[in-house]
> 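Would you mind keeping the following structure in view while I ask a few things?
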Amino acid sequence: MKIEDENSFDGLTDKEYKYGFVTDIESDSLPPGLDENVVREISRRKEEPEWLTEWRVKAYHHWTTLEPPTWAKVEFPPIDYQALSYYSAPKQKIDAPKSLDEVDPELLETYKKLGIPLGEQEVLAGVATVAVDAVFDSVSVATTFKKNLEELGIIFGSFSDAVKDHPELVKQYLGTVVPYKDNYYATLNSAVFSDGSFCYIPKGVRCPMELSTYFRINAANTGQFERTLLIADEGAYVSYLEGCTAPQRDENQLHAAVVELVAHKDAQIKYSTVQNWYPGDKEGKGGIYNFVTKRGHCRGDNSKISWTQVETGSAITWKYPSCILKGDNSVGEFYSVAVTNNMQQADTGTKMIHIGKNTSSTIISKGISAGKAQNAYRGMVKVAETAENARNFSQCDSMLIGDRCGAHTFPYIDINNPTAQVEHEATTTKIGEDQIFYCNQRGLDTEEAVGLIVNGFCKEVFKELPMEFAVEAQKLLGITLEGSVG
Amino acid sequence: MALLDIKNLHASVAGNDILKGINLTINPGEVHAIMGPNGSGKSTLSNVLAGNEIYEKTEGEILFDGKNLDDLVAHERARAGLFLAFQYPIEIPGISNMYFLKAAVNAGREYRGEEQLDAMDFIDLIEEKKNVMNLRDDLLERAVNSGFSGGEKKRNEIFQMAMLEPKLGILDETDSGLDIDALRIVSDGVNALRSPERSFLLITHYQRLLDYIVPDFVHVMVHGKIVKTGGKELALELENEGYASWVGEEGP
């Protein structure tokens with residue numbers, strides 16, 4: 001069959017990773033290596049209170065007792081944690097910029113190239129719908145619309161600022177969803193996290209714009225460990241989006257982030273991710289190791305947390321955005337598109353933990369595998385004894401493009417209450433040259449054909465994304481899968 | 001000028017020579033039928049014309065509407081007005097028939113320098129064409145060919161042809177597996193599309209189809225060559241006598 005021939009469908013050129021450039025900016029980094037002193041030094045540079053320093057140190061000591069997890073269906077050589085640098089901050093001409101005018105123009109230029117609007121005027125000229133917190137390497141460099149949000153009592157900005165300005169809130173919530181002992185990568189993050197975003201929506205406030213964090217890894221040989229903490233107080237609503245890119249480098253880079261969400265009574269959090277870290281080249285050289293712990297806690301009754309993720313980048317993705325449904329009638333949702341091409345590997349899915357009564361969860365997972373990539377869905381639905389009338393619906397669909405890739409589904413179901421209703425559906429479809437030829441014969445070129453098929457497959461998830469990001473996600477999928485048939 | 005002009009066409013698949021010198025001229029408005037036993041190369045001919053890269057053209061020339069087909073890849077041939085109704089229409093999961101057709105129709109319009117159809121115009125076009133093929137609305141909503149019966153798939157092929165309005169429609173054994181009612185519907189659909197500008201190439205085993213779609217010319221293909229050409233009465237002759245006399249002549 002022609003499908004064995006890597007050069008068929010010659011007309012399709014592989015598009016380069018568009019965000020692979022490196023910004024030439026001076027940075028202030030710690031030398032490679034990790035021990036208690038490094039942890040303390042990170043905390044000192046960030047002028048953190050003692051309780052936080054000690055929390056980090058506890059996490060570090062716990063981490064030294066752990067082994068990296070090996071259960072995921074991914075393969076990579078062991079990471080030398082002593083070869084990584086754990087802190088890199090762009091050296092700004094003025095410390096801690098107070099407004100956008102003071103942000104290093106090189107940095108603003110970088111975000112402009114990435115298509116992230118940081119100039120508020122530009123955005124204001126159009127319809128302002130998104131407030132952005134930009135994180136460059138480990139440090140938050142700019143947050144837009146901070147003032148407008150403050151008027152509503154919304155706190156949105158860098159994690160570091162929150163530690164300084166709202167230490168009581170940080171102390172109250174940090175580690176309450178993902179404890180520092182949670183898992184290998186989350187524990188490492190707890191010890192060395194450098195920055196990230198913090199968001200608090202007060203009681204009864206509906207956040208009027210999308211909040212967005214944009215992560216950019218720039219420095220070489222640096223791990224990126226951000227921490228995001230998002231709290232929706234009683235009756236609050238927020239829609240949050242994160243995006244990420246990194247330069248093209250031959251070495252693998254580690255990204256071990258933690259995201260904690262807390263939804264109080266009647267609150268709703270919608271958290272969307274478009275992940276486009278550098279995936280490595282066709283032979284699998286370079287790329288980001290994306291080992292991320294994301295979890296939401298539906299703490300109050302009638303609360304709702306919804307995860308939507310579009311994962312197209314990274315050499316390896318290890319990520320399970322989860323919901324703990326503690327409040328009665330609380331709702332958890334997980335909508336995911338994970339695309340792997342060439343040598344990419346993804347082991348991703350979710351956990352829905354039903355504790356409260358009448359809790360319900362929905363899982364829609366779409367895995368697309370092309371090239372020689374491996375794509376695994378791993379999901380757990382757990383219904384505790386206390387969870388009367390819990391409901392879950394899971395649907396896991398896999399699509400294989402070509403015949404050298406793999407798709408795997410690992411559903412775990414653990415039911416401890418007889419009133420539970422749990423449904424699981426799974427399908428696998430394969431796209432080969434015959435489907436493509438059929439589309440060609442109707443006048444669609446190969447790129448359009450793959451785009452149509454893939455977008456059709458993913459539309460249930462895309463419709464969950466905020467409009468402008470749905471468009472972006474569709475384009476991203478097209479680029480990721482270009483040249484994948486053949 | 002001929003719409004399709006095939007000169008000394010040789011083609012192979014996986015290193016096996018299948019077509020061994022085909023000559024065929026189709027003028028605008030003509031309906032040609034190619035008949036022949038299994039393995040004679042009929043389907044290879046339709047795939048080579050449509051530009052399926054699994055098949056390799058090794059010799060000869062094909063001119064379509066004045067263009068050398070060597071210069072056009074599959075989707076360009078389709079946009080230029082060459083349509084193939086597949087013998088085994090393939091299922092394409094995840095994309096609705098309707099959406100697929102809209103993309104296909106607009107790809108053709110773009111090629112011809114016509115304006116893109118918006119959703120409303122497109123629905124009007126669908127309404128106009130679907131009744132001819134007796135297609136149920138839910139088949140339009142469903143993923144392309146997914147869960148369609150054999151007859152529905154074939155009807156859907158002709159429906160697509162009606163939507164795309166090609167210059168040349170190649171029907172690759174569209175009649176195989178159809179019951180008599182479905183055969184009538186498919187044939188009516190094709191006949192409705194006949195016009196002085198549009199030509200058809202019918203590939204079939206059976207004379208039966210030609211009772212419904214009456215051809216101007218019938219060709220007999222054996223061992224990768226056209227061994228006899230005649231009018232519609234040739235099909236009846238074949239029905240009575242079979243292919244044995246020709247198959248014997250050359251040997252396998």
> Within the supplied structure, the quantity of interest is the number of heavy atoms (other residues, nucleotides, ligands) at a distance under 6.0 Å from B:M1 CE; does it exceed 12?
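Atom CE in B:M1 is packed in, count exceeds 12.
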
> Relative to chain A, which of B:I95, B:L82, B:L84, B:V144 shows the most heavy atom pairs under 4.5 Å?
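Most pairs with chain A among the choices: B:L84.
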
> When only pairs under 4.5 Å are counted, which of A:E448, A:M399, A:K459, A:R442 shares the most heavy-atom pairs with chain B?
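Answer, by heavy-atom pair count under 4.5 Å with chain B: A:R442.
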
> Treating A:Q435 as the side-chain partner and B:I92 as the backbone partner, does any N or O pair qualify as donor plus acceptor under 3.5 Å?
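No; judged by distance alone, with no hydrogens or angles, the pair does not exist.
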
> Spell out the residues in residues 149-172 of chain B that have some non-hydrogen atom less than 4.5 Å away from a non-hydrogen atom of chain A, in order of number; otherwise answer 'none'.
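At a heavy-atom separation under 4.5 Å, chain A is reached by B:E157, B:Q160, B:L164.
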
> So, taking the atom named CD1 in B:I54 and the one named CD in A:E433, what distance separates them when rounded to the nearest 0.5 Å?
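That separation rounds to 6.0 Å.
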
> Output the residues of residues 101-111 of chain B for which the shortest heavy-atom distance to chain A is under 4.5 Å, in residue-number order; output 'none' if no such residue exists.
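The stretch touches chain A at B:A103, B:A104, B:A107.
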
> I'd like to know which of A:A449, A:C439, A:C458 tops the heavy-atom pair count under 4.5 Å against chain B.
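Highest number of pairs under 4.5 Å: A:C439.
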
> Around atom OH of B:Y99, are there more than 12 heavy atoms of other residues, nucleotides or ligands at under 6.0 Å?
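Atom OH in B:Y99 is not packed in, count stays at 12 or less.
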
> In chain order, what residues pass the side chain to side chain donor-acceptor pair (under 3.5 Å) check against B:E127, with sequence neighbours excluded?
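Residues passing side chain to side chain donor-acceptor pair (under 3.5 Å) with B:E127: B:K130.
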
> Would you say that A:D434 contacts B:Y88 through its side chain, given a criterion of any heavy-atom pair below 4.5 Å between the two side chains?
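With C-beta onward as the side chain, the pair stays apart.
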
> Are there more than 12 heavy atoms of other residues, nucleotides or ligands under 6.0 Å from atom NZ of A:K351?
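Not buried by this count: 12 neighbours or fewer within 6.0 Å.
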
> Looking at chain B, which one of A:T429, A:D397, A:L452 has the largest number of heavy-atom pairs inside 4.5 Å, strictly under?
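Looking at each of A:T429, A:D397, A:L452 in turn, A:L452 comes out on top.
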
> Decide yes or no for A:F437 and B:E53: does some side-chain heavy atom of the first lie under 4.5 Å from some side-chain heavy atom of the second?
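Side-chain contact under 4.5 Å: no.
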
> Using only non-hydrogen atoms and a strict under-4.5 angstrom cutoff, which residues of residues 63-79 of chain B touch chain A?
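Against chain A, the residues of residues 63-79 of chain B that fall inside the cut-off (heavy atoms, under 4.5 Å) are B:A74, B:H75, B:A78, B:R79.
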
